[in-house]
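For clarity, every value in this text was computed on a predicted model and none was experimentally measured. Quick note on labels: first sequence line is chain A, next is B, and so on, each numbered from 1.
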Amino acid sequence: MFMQFNRRWKFGWGRFSEVDLFTDRHESNAETLSQAIRAAASEEPDADGSVLFGQLKGTVVGLRYYSGVVNQGEMVGLVRQPQNPYDRNAVMVANIYGNQVGHIKKELAAAMAYIMDNNLAKVEGVVYSGTKNTYTMPVMLSFWGKEESKNSVLEHMSRRGYKLNTEGGKLKGTVFLLIFFSFQLKNAFDNLFEGLMESKDGEKEAAVSVATPLLLHQKQALSWMCARENKAALPPFWEKRGELYYNTLTCFSAKELPERVRGGILADDMGLGKTLTVIALILTNFHKGKPLPVEKCVSRSVLQSFQAICFMSNLCSLITKCVFTCVQVEKVSPIKAKMTSQMALTLEEGSVLFEDLDFAAALSGSTSDTGSKKKKTDKKSSLTQSEFQQCIFIESRTTLIICPLSVLSNWLDQFEQHVDPNVKLNVYLYYGPERNRSKKFLSSQDVVITTYNVLSSDFGNKSPLHGISWLRVVLDEGHIIRNPNAQMSKAVLDLKAQRRWILSGTPIQNSVRDLWMLVAFLGLKPFDTREWWNRVIQRPVTQGDRAGLQHLQTLVKYITLRRTKNSEVNGRPLVSLPEKKVYVEQVELSQPEREEYELARTEGKNTIGRYVAEGTVLRNYADVLAILMRLRQHCCHPDLLAKISSDLGAAATPAELRERLIEKLRLVLASGSDEECSVCLDSVRLPVITHCAHVYCRPCIAQVISTSGQVARCPLCRSEIKTSELVEFPQEEMEEENSTKSERWRTSSKVQALMGNLLRLRSKDSSIKCLVVSQFTRFLTILETPLREHGFSFVRLDGTMTQKKRTQVIQEFQSSAADSPTIMLLSLKAGGVGLNLTAASHVFLMDPAWNPATEEQCIDRCHRLGQKRKVVVTKFIVKDSVEENMVKIQRKKQDLMEKAFGSTNTDRKTSRIDDIVALMEL
DNA sequence: ACCGCCGGGTGCC
DNA sequence: ACCGCCGGGTGCC
């Protein structure tokens, strides 16, 4: 924390401290600057949702005093310098690498300072002309911020004689656009990681020390990973122009090759062997494609130990002379001992211990070019100042693996299983109170494994992990560090490593924001600085800019390898799974059921028709969903219908209103529409409902309210909202349902259809296990009765259960014991993607979901690696009902998405309304 | 001339 | 900066 503060403080430096920033090594500037910007940015709310207030042409002055250069069209950063001794309003102008270009002219700076300091707007600069000027250059400044700050910013500027040009900035987020974009984005993300599976770099065989033969796709992954670690191709958006390297997005250019990202994201589906691939990488690619020098166990045969010596001596070109002489001695172990101690190379004394520069280069991660440059200098000379700085870190040959506690043991098992037993690989588990905190010891290991929790609790507390320059850092389940403000994320970003990898089965869960953390960890410049990420990627994408999305796609494509279990290599599937068949079984409602359904439908039709006529469909969004919901419940079972739900407008007392809002919240949440919060575009967490019946995350809407002026408005319908009026779901309500359930149990057509199937299956093969899936947990409860009646042994898994209980239930179900349960009642959204239910081979989807992907995911819980039987999926759809229409909606959504990109705003609006009306058949 | 005008020195914040 | 600004030198036309 102190460090952070310190860095920030440095920002306000005056003339003298500027000097240390502008040394020849631009990299150190960049680090200080980007860290400072990062630190500053972490306190601000995120830039998305900002609107453009206007633009203004300003002047950058003092160019002759600074070395930072810019190209035409280049983006520049504006940084306040409150500690500047000549003017506390100073605003500094810097290019992407943090090299100062000049200052904003003082009068303008004086006007901007107040706005920037109070976070009323974020100011961004682009230089379009005059880049070759000696003294001053013009800069186009754009002011971005929250809608509610717009007027005060415009006013403030104009009071000082600066008129912002507000033309063309009409990106106001109307209700429709908001909904539309959150919707569109989600789909864009779903596709973001598609098509990254074509083999990129051929195949590579693993080193001999990898005992398990790699599958084809694993060899391809290995090849790709090695290439990512070794090759020096240009990162995306950079091209060579003459002598310079040029960034096509920011227009920044540099003399030197921009720093490469040595690493990336391996985002293969679960079960494709990411762990094995990483183990192979560790053993295979130590330096320039040469395998990790490992000790062979002292073995029985002379021949083997001879081979071991040969193996060692092959490595001599990589290792110090000292080791070379040791090889003449015939024992293996001492060599290893010497070797590792030599490799650990504590440089604390400040003298160069590396004698073989190639090897040194391997450890320091520099290219052989810098290695050969160094060769020309006197090897024995003492370190220069900057070299000494680097040597505070212990250079190591070690790979650090960070994972969640739950997979820790898996890593250890996998090392055990996949590494040749004749090879001694030093794997150290850095965990538990007795862990060895010696940097020297840790950096002499081949692999150190630890957890995110250990890392973050060590962080800031003389963490040995942060005092080592790792050869490689691997983040397992890397998506869990998506929140950049979390201590864990900070701890991860602070690690020093030559190569960086993120493993994740689900790289983007919800939004672009999550991706920043990954990009920052990988050090993909300039996006590791939040400001540039926001400007170039995040804001364009959240505002629906097509180019922004394309850039994001290019970026992701560049750093990611992702294959799914459905991917193919050379026309063959990566892994062969048993066949899966999906049947739709139409269910006919009984006469009384049909009558009830039609009654509800007519009623709903009238209501929605009225909203459409009034143009208030969106304001009554919750009601529309509620109507649909009731129809869907009719299709399943009459007892699912909530008895209350009269008109909201008629609420007499506050208590009654509250009651109804809770009911609506329940409906919205249970509607299975995969409810998103329109503020964070993420699934709602800690849901609250406003008086206008829109659902948000509590923290999100609280932020909206606190940043608004006197009157806060609902982001969806602009009704007035107050913190005191937010209603949340009372916890007891969840449980209370059970008590009201059974006066007299009755069946329904759908229940009959299911039972018929289950009984038929049991008589055919009693060992078959089934998943019975519904979005309505109450439907699952209803189903329990007939299951018991017919003597089925079943378990239940839904979202309300504790983690412990879940694990227990899953274990029971997965068991192959004769008396183990054969049926699992599963709520559609229960459990994460990782849930493994391969014991089941039949899936009954009781009701259709809005989002076909949710259904797909659910099916995948049993149709995945480890499934031995054919998988049969049965979807029950009630004939002539809303359920049939939902299937149409699913299909149409996709088409709509495609068209949407090309059409104008008005078109989108109308097509969306038409859509609601048409799809509901109302 | 307690002015205007000229031309040299000078220059970010 | 091929500017603006400052302040000293200067002084009818």
Residue A:K106, side-chain atoms from C-beta onward, closest of B:dC13, B:dC12, C:dA1:
B:dC13
On a heavy-atom basis, the closest approach of A:Y696 and A:C714 is OH-SG, 3.0 Å
With heavy atoms under 4.0 Å as the rule, sort A:I104 into base, sugar-phosphate or nothing.
sugar-phosphate
Indicate the atoms forming the closest heavy-atom contact of A:F143 with A:V153, along with that distance.
CD2-CG1, 4.1 Å
Quote, to the nearest angstrom, the P distance that separates B:dG4 from B:dG8.
23 Å
Using the P atom on both, measure B:dC13 against B:dG9 and round to a whole Å.
23 Å
A:M137 has an atom CE; how far is it from atom C1' of B:dG11, in whole Å?
17 Å
Counting Watson-Crick and G-U wobble pairs only, both distances under 3.5 Å, name the nucleotide matched with B:dC12, or none.
none
Whole Å only: how far is the CG atom of A:L108 from the C1' atom of B:dC13?
13 Å
Between A:R88 (CZ) and B:dC13 (P), how many Å, whole number?
15 Å
If you measure from the ring centre of A:Y65 to the centre of the six-membered ring in the base of B:dC12, is it under 5.5 Å, with the planes under 30° apart?
yes
Can you check the distance between C:dT10 and C:dC6, where both ends of the measurement are the P atom (answer in whole Å)?
22 Å
Whole angstrom is fine here: how far is it from CD in A:Q83 over to P in B:dC13?
19 Å
Over how many whole Å does the gap from A:K105 atom NZ to B:dC13 atom C1' extend?
11 Å
What is the minimum heavy-atom distance between A:L63 and A:N133, and which atoms define it?
CD1-O, 3.6 Å
Once you round it to whole Å, what is the distance between C1' of B:dC13 and CZ of A:R64?
12 Å
Whole angstroms only, please: what is the CG-C1' distance between A:N84 and B:dC12?
9 Å
Could you verify whether a donor N or O on one side chain and an acceptor N or O on the other, from A:T250 and A:E74, lie under 3.5 Å apart?
no
Give me the atom names and distance for the closest heavy-atom approach of A:M488 to A:S456.
CA-CB, 3.7 Å
What is the distance, to the nearest angstrom, from the CG atom on A:L63 to the P atom on C:dA1?
12 Å
Taking only the side-chain heavy atoms of A:A90 (C-beta and beyond), determine which of C:dA1, B:dC12, B:dC13 contains the nearest atom.
B:dC13
Check for me: is A:Y135 stacked on B:dG11 by the 5.5 Å centroid and 30° plane-angle rule?
no
